[in-house]
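Structure first, commentary second.
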Amino acid sequence: MTNTLTLTDVSVRYPDGDRTVTALDHVSLTAAPGTVTAVVGESGCGKSTLLSVAAGLTVPDAGQVHRDRTGMVFQSANLFSSLRVREQLLIVDHIQGRRPGATEKRKADALLERVGLGGYGDRRVHQLSGGQRQRVNIARALTGSPRVLLADEPTSALDAALSRTIVGLLRGLTDELGLATVLVTHDRSQLDLADAVVTLRDGAVVAS
């Protein structure tokens with residue numbers, strides 16, 4: 001099985017006054033197609049930094065990162081209140097300098113169908129529940145046909161039942177699309193849906 005995300009001996013350090021803080025300390029992680037890797041740990045342990053490195057947003061001070069095309073599911077859905085649901089996905093084309101046509105609109109509707117929002121394309125954000133907004137967030141992350149899906153605490157604002165539903169959706173999409181999914185979560189009740197669990201403490205892997 002070919003890995004689509006590999007972090008090898010990655011370290012990230014940053015200055016904090018007159019000292020240096022090590023956010024990641026020689027961390028290695030691999031994620032293969034069709035698998036969910038959960039990353040857990042206390043606040044400040046390095047989870048967000050790891051995800052930032054995996055997404056290519058942070059360049060590590062040491063180590064190597066290899067990744068395929070990546071999509072990101074953020075903690076907050078960050079939807080545009082002025083746009084309809086379908087347009088939340090099509091905005092990705094606009095940002096990349098493309099004018100979406102009929103093909104892109106059909107693809108957007110297909111992605112909404114895939115996340116359980118078939119027929120919701122013309123709805124406004126204020127008409128959606130919190131769980132539905134996060135489903136739009138997930139669909140938008142899939143717009144670029146990623147092979148790696150990174151999810152940063154996607155259920156932190158949801159109740160237990162909705163959280164389980166959203167992580168179950170990510171599990172199903174991972175299996176269906178052959179994604180390599182990395183899920184940062186504080187909720188250990190969801191870990192049975194993961195194939196592997198990586199625990200961070202003070203920037204280092206203490207269990208996996």
Side-chain angles (χ1 to χ4, degrees), residues 4-5 31-40 51 55 68-96 100-196:
T4 54
L5 173 66
T35 66
V36 175
T37 301
V39 180
V40 298
L51 217 62
D68 284 321
R69 192 166 52 251
T70 301
M72 187 84 180
V73 179
F74 296 97
Q75 184 173 352
S76 173
N78 294 320
L79 302 181
F80 298 92
S81 60
S82 62
L83 300 181
R84 297 182 186 275
V85 168
R86 182 186 300 105
E87 294 168 336
Q88 307 288 338
L89 278 61
L90 296 177
I91 193 67
V92 175
D93 292 292
H94 282 290
I95 291 171
Q96 296 175 350
T103 298
E104 288 74 24
K105 291 176 182 177
R106 284 194 297 270
K107 180 180 178 182
D109 286 340
L111 285 174
L112 292 172
E113 179 80 35
R114 183 163 261 157
V115 301
L117 293 179
Y120 278 66
D122 290 321
R123 294 201 184 188
R124 297 286 187 179
V125 172
H126 71 270
Q127 297 175 296
L128 303 179
S129 67
Q132 289 169 338
R133 292 183 188 197
Q134 198 59 294
R135 287 172 184 266
V136 177
N137 190 13
I138 293 169
R140 186 170 57 189
L142 297 175
T143 299
S145 301
R147 296 192 64 198
V148 178
L149 186 63
L150 306 174
D152 185 12
E153 299 275 12
T155 65
S156 62
L158 305 177
D159 63 29
L162 274 176
S163 295
R164 184 76 180 180
T165 299
I166 292 297
V167 175
L169 173 62
L170 291 172
R171 171 78 261 181
L173 290 168
T174 298
D175 295 338
E176 180 185 352
L177 301 176
L179 301 170
T181 297
V182 178
L183 168 67
V184 167
T185 182
H186 66 282
D187 187 350
R188 292 180 177 270
S189 69
Q190 304 167 358
L191 299 185
D192 61 305
L193 295 173
D195 298 288

Any chance you could lay out the side chain to side chain contact (heavy atoms under 4.5 Å, CB included) test for L173 and V115, step after step, and finish with the verdict?
-> CA-CA 8 Å; L173 290 168; V115 301; 4.3 Å; yes

Would V36 and L193 count as a side chain to side chain contact (heavy atoms under 4.5 Å, CB included) if you check the C-alpha gap in whole Å, the side-chain angles of each, and the deciding distance to 0.1 Å?
-> CA-CA 8 Å; V36 175; L193 295 173; over 6 Å; no

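Closest heavy-atom contact between A31 and A180: O-CB, 3.7 Å. Closest approach of A77 to R140, counting heavy atoms only: O-NH2, 2.6 Å. Here the closest non-hydrogen pair linking L158 and G130 is CD2-C, 3.8 Å. The two residues G121 and D109 have their closest heavy-atom pair at CA-OD1, 4.5 Å. Across A151 and L170, no two heavy atoms sit closer than the pair CB-CD1, 4.2 Å. Here the shortest heavy-atom pairing between L89 and A108 reads CD2-O, 3.6 Å.
For residues 74-85, there are no salt bridge (charged side-chain N to carboxylate O under 4.0 Å, His left out) pairs, not counting sequence neighbours. A salt bridge (charged side-chain N to carboxylate O under 4.0 Å, His left out) check over residues 152-176, counting only residues at least two apart or in different chains, returns the pairs R114-E176, R164-D192, R171-D175, R171-D195. Within the structure, salt bridge (charged side-chain N to carboxylate O under 4.0 Å, His left out) pairs that include any residue of residues 117-137 comprise R86-D122 (at least two apart or interchain). Counting only residues at least two apart or in different chains, salt bridge (charged side-chain N to carboxylate O under 4.0 Å, His left out) contacts with residues 68-77 comprise D68-R147.
For Q75, the side-chain hydrogen bond (donor to acceptor under 3.5 Å, both in side chains) criterion is met by S156, not counting sequence neighbours. Residues satisfying the side-chain contact (heavy atoms from CB on, under 4.5 Å) criterion with A141, sequence neighbours excluded, are V73, L149. Taking the side-chain contact (heavy atoms from CB on, under 4.5 Å) definition, one finds that Q132 meets it with L117, Y120, L128, S129, sequence neighbours left out. Annotation: side-chain hydrogen bond (donor to acceptor under 3.5 Å, both in side chains) contacts of Q134 (sequence neighbours excluded): N137. Residues forming a side-chain contact (heavy atoms from CB on, under 4.5 Å) with A55 (at least two apart in sequence, or on another chain): L57, M72, L150. Applying the side-chain hydrogen bond (donor to acceptor under 3.5 Å, both in side chains) criterion to S189, with sequence neighbours excluded, gives D187. Under the rule for a side-chain hydrogen bond (donor to acceptor under 3.5 Å, both in side chains), S82 has no partner lying at least two apart in sequence or in another chain.
Under the 4.5 Å side-chain criterion, counting only non-hydrogen atoms from C-beta, L51 is not in contact with V39. Taking the side chain as every heavy atom from C-beta outward, L83 and L90 never approach each other to under 4.5 Å. Two residues are said to be in side-chain contact when any heavy atoms from C-beta on lie closer than 4.5 Å; T185 and V40 meet this criterion.
Of the inter-residue distances, the one linking L112 atom CG with I138 atom CD1 reads 11.5 Å to the nearest 0.5 angstrom. How far OG1 of T35 is from CG of L5: 9.5 Å, rounded to the nearest 0.5 Å.
Within a 6.0 Å sphere centred on NZ of K107, heavy atoms belonging to other residues, nucleotides or ligands number more than 12.
No donor-acceptor distance shorter than 3.5 angstrom exists from the side chain of Q88 to the backbone of V85, with no hydrogens or angles considered.
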